Amino acid sequence: MPRYLQRSLWVLSLLAMALILWWRPGQTDLATDPGLALPADPPDLYVEDVQQTYYNREGIPTGTLRADSLAFYEDRGSSDIINPQLQQLEDEVVVWTVQSLRALLLNNGDVEFIDQVEVREESVAQPWLLETDWLRLEQEGRFATTPSPVKLTQGNQLATGIGLDAWLTGEKPELILKSEVAIHYEMDAR
(Lines give C-alpha, C1' and ligand atoms only; values in the text may rest on other atoms or scores of the structure.)
Protein backbone atom coordinates (compact mmCIF):
# COMPACT_ATOMS: atom_id res chain seq x y z
CA MET A 1 0.00 0.00 0.00
CA PRO A 2 1.44 3.35 -0.95
CA ARG A 3 2.67 5.51 1.86
CA TYR A 4 0.30 8.49 1.18
CA LEU A 5 -2.70 6.10 1.20
CA GLN A 6 -1.51 4.57 4.50
CA ARG A 7 -1.14 8.06 6.04
CA SER A 8 -4.57 9.11 4.75
CA LEU A 9 -6.19 6.04 6.33
CA TRP A 10 -4.34 6.72 9.56
CA VAL A 11 -5.50 10.39 9.59
CA LEU A 12 -9.08 9.37 8.73
CA SER A 13 -9.03 6.80 11.56
CA LEU A 14 -7.85 9.44 14.04
CA LEU A 15 -10.54 11.87 12.85
CA ALA A 16 -13.21 9.15 13.15
CA MET A 17 -12.06 8.32 16.71
CA ALA A 18 -12.02 12.00 17.67
CA LEU A 19 -15.52 12.42 16.25
CA ILE A 20 -16.77 9.36 18.20
CA LEU A 21 -15.23 10.65 21.43
CA TRP A 22 -16.65 14.14 20.89
CA TRP A 23 -20.17 12.98 19.91
CA ARG A 24 -21.60 10.37 22.27
CA PRO A 25 -25.20 9.56 21.27
CA GLY A 26 -27.67 8.96 24.09
CA GLN A 27 -25.89 11.18 26.56
CA THR A 28 -27.65 14.44 27.51
CA ASP A 29 -26.40 17.45 29.36
CA LEU A 30 -28.58 17.64 32.50
CA ALA A 31 -27.38 21.14 33.34
CA THR A 32 -29.24 22.59 30.33
CA ASP A 33 -32.68 21.19 31.36
CA PRO A 34 -34.40 23.96 33.40
CA GLY A 35 -36.91 21.49 34.91
CA LEU A 36 -34.13 19.60 36.68
CA ALA A 37 -32.46 22.55 38.41
CA LEU A 38 -32.54 21.89 42.16
CA PRO A 39 -32.57 24.66 44.77
CA ALA A 40 -29.82 24.97 47.34
CA ASP A 41 -32.13 23.24 49.86
CA PRO A 42 -33.95 20.52 47.86
CA PRO A 43 -37.19 19.11 49.32
CA ASP A 44 -37.51 15.57 50.63
CA LEU A 45 -40.60 15.08 48.45
CA TYR A 46 -41.84 17.09 45.47
CA VAL A 47 -45.25 16.61 43.81
CA GLU A 48 -46.78 18.49 40.87
CA ASP A 49 -50.49 18.79 40.01
CA VAL A 50 -51.58 18.05 43.57
CA GLN A 51 -55.13 16.72 44.08
CA GLN A 52 -55.86 15.50 47.59
CA THR A 53 -59.10 14.67 49.42
CA TYR A 54 -59.44 14.70 53.21
CA TYR A 55 -61.82 12.30 55.00
CA ASN A 56 -63.25 12.12 58.52
CA ARG A 57 -63.17 8.96 60.64
CA GLU A 58 -66.37 7.70 59.04
CA GLY A 59 -64.82 7.95 55.55
CA ILE A 60 -66.85 10.98 54.47
CA PRO A 61 -64.94 13.65 52.47
CA THR A 62 -64.40 16.86 54.47
CA GLY A 63 -62.16 18.80 52.10
CA THR A 64 -60.07 18.88 48.96
CA LEU A 65 -56.72 20.48 48.12
CA ARG A 66 -55.60 21.31 44.60
CA ALA A 67 -52.25 22.96 43.87
CA ASP A 68 -49.66 23.34 41.15
CA SER A 69 -46.95 21.84 43.35
CA LEU A 70 -46.09 20.75 46.89
CA ALA A 71 -42.55 20.50 48.29
CA PHE A 72 -42.19 18.66 51.63
CA TYR A 73 -39.27 19.42 53.97
CA GLU A 74 -39.01 16.89 56.79
CA ASP A 75 -36.39 18.82 58.79
CA ARG A 76 -38.54 21.99 58.75
CA GLY A 77 -41.74 20.11 59.51
CA SER A 78 -43.59 21.89 56.71
CA SER A 79 -44.53 21.86 53.04
CA ASP A 80 -44.41 24.73 50.54
CA ILE A 81 -47.45 24.82 48.24
CA ILE A 82 -47.77 26.83 45.01
CA ASN A 83 -51.24 28.08 43.92
CA PRO A 84 -53.24 26.17 46.53
CA GLN A 85 -57.02 25.95 46.47
CA LEU A 86 -58.55 24.39 49.59
CA GLN A 87 -62.27 23.56 49.66
CA GLN A 88 -64.14 22.74 52.88
CA LEU A 89 -66.97 20.23 52.44
CA GLU A 90 -70.05 19.61 54.60
CA ASP A 91 -72.29 16.72 53.52
CA GLU A 92 -70.16 16.55 50.33
CA VAL A 93 -71.11 20.15 49.43
CA VAL A 94 -68.45 22.87 49.11
CA VAL A 95 -69.16 25.45 51.85
CA TRP A 96 -66.10 27.66 51.40
CA THR A 97 -62.90 27.92 49.37
CA VAL A 98 -59.51 29.39 50.30
CA GLN A 99 -56.93 30.13 47.63
CA SER A 100 -53.70 32.08 47.35
CA LEU A 101 -50.46 32.23 45.38
CA ARG A 102 -48.48 30.29 48.00
CA ALA A 103 -49.09 28.43 51.23
CA LEU A 104 -47.14 26.80 54.03
CA LEU A 105 -48.59 23.54 55.38
CA LEU A 106 -47.35 22.82 58.90
CA ASN A 107 -47.04 19.36 60.47
CA ASN A 108 -49.76 20.19 63.03
CA GLY A 109 -52.28 20.65 60.17
CA ASP A 110 -52.34 24.47 60.23
CA VAL A 111 -52.01 26.21 56.85
CA GLU A 112 -50.59 29.69 56.26
CA PHE A 113 -51.88 31.21 53.01
CA ILE A 114 -49.59 33.88 51.54
CA ASP A 115 -50.10 36.50 48.77
CA GLN A 116 -53.48 37.34 47.23
CA VAL A 117 -55.49 35.27 49.70
CA GLU A 118 -59.20 34.85 49.00
CA VAL A 119 -61.73 33.10 51.25
CA ARG A 120 -65.06 32.61 49.51
CA GLU A 121 -68.27 31.36 51.07
CA GLU A 122 -69.88 29.03 48.54
CA SER A 123 -73.09 27.50 49.88
CA VAL A 124 -75.42 30.47 50.54
CA ALA A 125 -77.49 32.89 48.44
CA GLN A 126 -75.49 35.97 49.58
CA PRO A 127 -71.90 34.63 49.82
CA TRP A 128 -69.10 36.69 51.32
CA LEU A 129 -65.59 37.14 49.92
CA LEU A 130 -62.63 37.90 52.17
CA GLU A 131 -59.40 39.25 50.65
CA THR A 132 -56.06 39.70 52.46
CA ASP A 133 -52.34 39.09 51.95
CA TRP A 134 -51.84 36.49 54.74
CA LEU A 135 -54.20 34.11 56.54
CA ARG A 136 -53.71 31.19 58.90
CA LEU A 137 -56.21 28.32 59.06
CA GLU A 138 -56.24 26.33 62.31
CA GLN A 139 -58.31 23.57 63.92
CA GLU A 140 -58.70 21.61 60.68
CA GLY A 141 -60.00 24.68 58.86
CA ARG A 142 -62.62 25.66 61.42
CA PHE A 143 -60.80 28.84 62.56
CA ALA A 144 -59.05 31.51 60.43
CA THR A 145 -56.99 34.46 61.63
CA THR A 146 -54.86 37.26 60.21
CA PRO A 147 -53.22 40.42 61.59
CA SER A 148 -53.15 41.91 58.06
CA PRO A 149 -55.53 44.37 56.39
CA VAL A 150 -58.71 42.67 55.15
CA LYS A 151 -61.46 43.47 52.68
CA LEU A 152 -64.81 41.71 53.13
CA THR A 153 -67.57 41.98 50.56
CA GLN A 154 -71.08 40.56 50.64
CA GLY A 155 -73.54 41.71 48.01
CA ASN A 156 -73.51 45.55 48.05
CA GLN A 157 -71.76 45.72 51.42
CA LEU A 158 -68.01 46.30 51.80
CA ALA A 159 -66.18 46.14 55.12
CA THR A 160 -62.48 46.78 55.65
CA GLY A 161 -60.30 46.49 58.71
CA ILE A 162 -57.00 45.43 60.20
CA GLY A 163 -56.92 41.89 61.57
CA LEU A 164 -59.61 39.24 61.60
CA ASP A 165 -60.73 36.18 63.52
CA ALA A 166 -63.26 33.90 61.82
CA TRP A 167 -65.05 30.71 62.85
CA LEU A 168 -65.94 29.04 59.56
CA THR A 169 -68.16 26.20 60.74
CA GLY A 170 -71.88 26.00 61.32
CA GLU A 171 -74.73 27.58 59.42
CA LYS A 172 -73.60 31.16 60.08
CA PRO A 173 -69.84 31.70 60.12
CA GLU A 174 -68.69 34.39 62.54
CA LEU A 175 -66.21 36.97 61.24
CA ILE A 176 -64.73 39.57 63.59
CA LEU A 177 -62.73 42.50 62.21
CA LYS A 178 -60.31 43.60 64.96
CA SER A 179 -59.51 47.28 64.32
CA GLU A 180 -59.90 50.26 61.98
CA VAL A 181 -63.23 48.88 60.78
CA ALA A 182 -65.06 50.76 58.02
CA ILE A 183 -68.32 49.63 56.41
CA HIS A 184 -69.73 50.91 53.14
CA TYR A 185 -73.11 49.95 51.68
CA GLU A 186 -74.37 50.88 48.21
CA MET A 187 -78.09 50.97 47.57
CA ASP A 188 -79.41 49.26 44.46
CA ALA A 189 -80.22 51.78 41.73
CA ARG A 190 -83.79 50.65 40.96
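Bear in mind the structure is a predicted one, so any value in this text is a computation, not a measurement. Side chains are part of it too, since the values below use all heavy atoms of this structure and drop only hydrogens, waters and symmetry mates.
- Linking Ile, Leu, Val, Met, Phe, Trp and Tyr whenever their side-chain heavy atoms come within less than 4.5 Å puts Leu45 and Val111 in one cluster.
- Side-chain contact between Leu168 and Arg142 is absent, with no heavy-atom pair separated by less than 4.5 Å.
- In terms of modelled atom types and a separation under 3.5 Å, the side chain of Asn56 and the main chain of Glu58 share a donor-acceptor contact.
- Within the 4.5 Å cutoff, the side chain of Pro43 has no heavy atoms near those of the Phe72 side chain.
- Between Ser78 and Asn107, the shortest heavy-atom contact is N-OD1, 4.2 Å.
- The two residues Gln88 and Thr62 come nearest to each other via the heavy atoms NE2-O, 3.4 Å.
- For Asp75, the CG atom is densely surrounded, since the number of other residues' heavy atoms within 6.0 Å is greater than 12.
- Applying the salt bridge (charged side-chain N to carboxylate O under 4.0 Å, His left out) test to pairs two or more places apart or on separate chains, those with a residue in residues 146-166 are Glu131-Lys151, Asp165-Lys178.
- Between Val50 and Asp68 there is no side-chain heavy-atom pair separated by less than 4.5 Å.
- Residues Tyr46 and Ser69 have side chains in contact (heavy-atom distance under 4.5 Å, counting atoms from C-beta outward).
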Output, in order, the C-alpha distance, side-chain angles, deciding distance and verdict of side chain to side chain contact (heavy atoms under 4.5 Å, CB included) for Tyr54 and Leu65. CA-CA 8 Å; Tyr54 300 95; Leu65 171 67; 3.8 Å; yes
Please determine whether side chain to side chain contact (heavy atoms under 4.5 Å, CB included) holds for the pair Leu177 and Val150, giving the CA-CA distance in whole Å, both sets of side-chain angles, and the decisive distance to 0.1 Å. CA-CA 8 Å; Leu177 294 170; Val150 296; 3.0 Å; yes
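- In this structure the side chain of Glu112 reaches within 4.5 angstrom of the side chain of Leu106, judged on heavy atoms.
- Residues Leu101 and Leu129 do not share a hydrophobic cluster, clusters being chains of Ile/Leu/Val/Met/Phe/Trp/Tyr side chains in contact below 4.5 Å.
- Using modelled atom types, one side-chain atom of Thr146 and one backbone atom of Trp134 make a donor-acceptor pair closer than 3.5 Å.
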Run the side chain to side chain contact (heavy atoms under 4.5 Å, CB included) check on Val94 and Glu121 step by step: do they pass? CA-CA 9 Å; Val94 177; Glu121 188 177 29; over 6 Å; no
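- Counting heavy atoms from C-beta outward, Leu130 and Leu135 have side chains that approach closer than 4.5 Å.
- Counting all heavy atoms, side chain and backbone alike, Trp167 lies closest to Ile176 at CZ3-CD1, 3.6 Å.
- Between Glu118 atom CD and Trp96 atom CH2 the span is 14.0 Å, to the nearest 0.5 Å.
- Between the CG atom of Leu70 and the CD atom of Gln52 there is a distance of 8.0 Å, given to the nearest 0.5 Å.
- No salt bridge links Asp49 with Arg66; every basic N to acidic carboxylate O contact stays at or beyond 4.0 Å.
- Heavy atoms only, all atoms of each residue included: Ala67 and Pro84 are closest at CB-CA, 4.0 Å.
- For the atom pair CG of Asp115 and CZ of Arg102, the computed distance is 5.0 Å after rounding to the nearest 0.5 Å.
- Rounded to the nearest 0.5 Å, atoms CD1 (Ile114) and CG (Asp133) are 10.0 Å apart.
- The shortest heavy-atom contact between Pro127 and Gln154 is O-CG, 3.6 Å.
- For Glu74, there are no salt bridge (Lys or Arg N to Asp or Glu O under 4.0 Å) partners two or more places apart in sequence or in a different chain.
- No donor-acceptor pair closer than 3.5 Å links the side chain of Thr97 to the backbone N or O of Gln87.
- Taking CD1 from Ile60 and CD from Glu90, the interatomic distance works out to 12.0 Å, rounded to the nearest 0.5 Å.
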Start with the C-alpha distance between Ile183 and Leu158, add both sets of side-chain angles, then the distance that settles side chain to side chain contact (heavy atoms under 4.5 Å, CB included), and finish with yes or no. CA-CA 6 Å; Ile183 297 175; Leu158 168 67; over 6 Å; no
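- Using a 4.5 Å heavy-atom threshold, the side chains of Leu104 and Asp80 count as touching.
- Cluster membership for Trp128 and Leu86, using ILVMFWY side-chain heavy atoms within less than 4.5 angstrom, is shared.
- Counting heavy atoms from C-beta outward, Leu175 and Leu164 have side chains that approach closer than 4.5 Å.
- For Gln116, the CD atom sits in a loose shell: 12 or fewer heavy atoms of surrounding residues, nucleotides or ligands are nearer than 6.0 Å.
- For the pair Phe113 and Leu137, the tightest heavy-atom approach, listed with the atom from each and the gap, is CE1-CD1, 3.6 Å.
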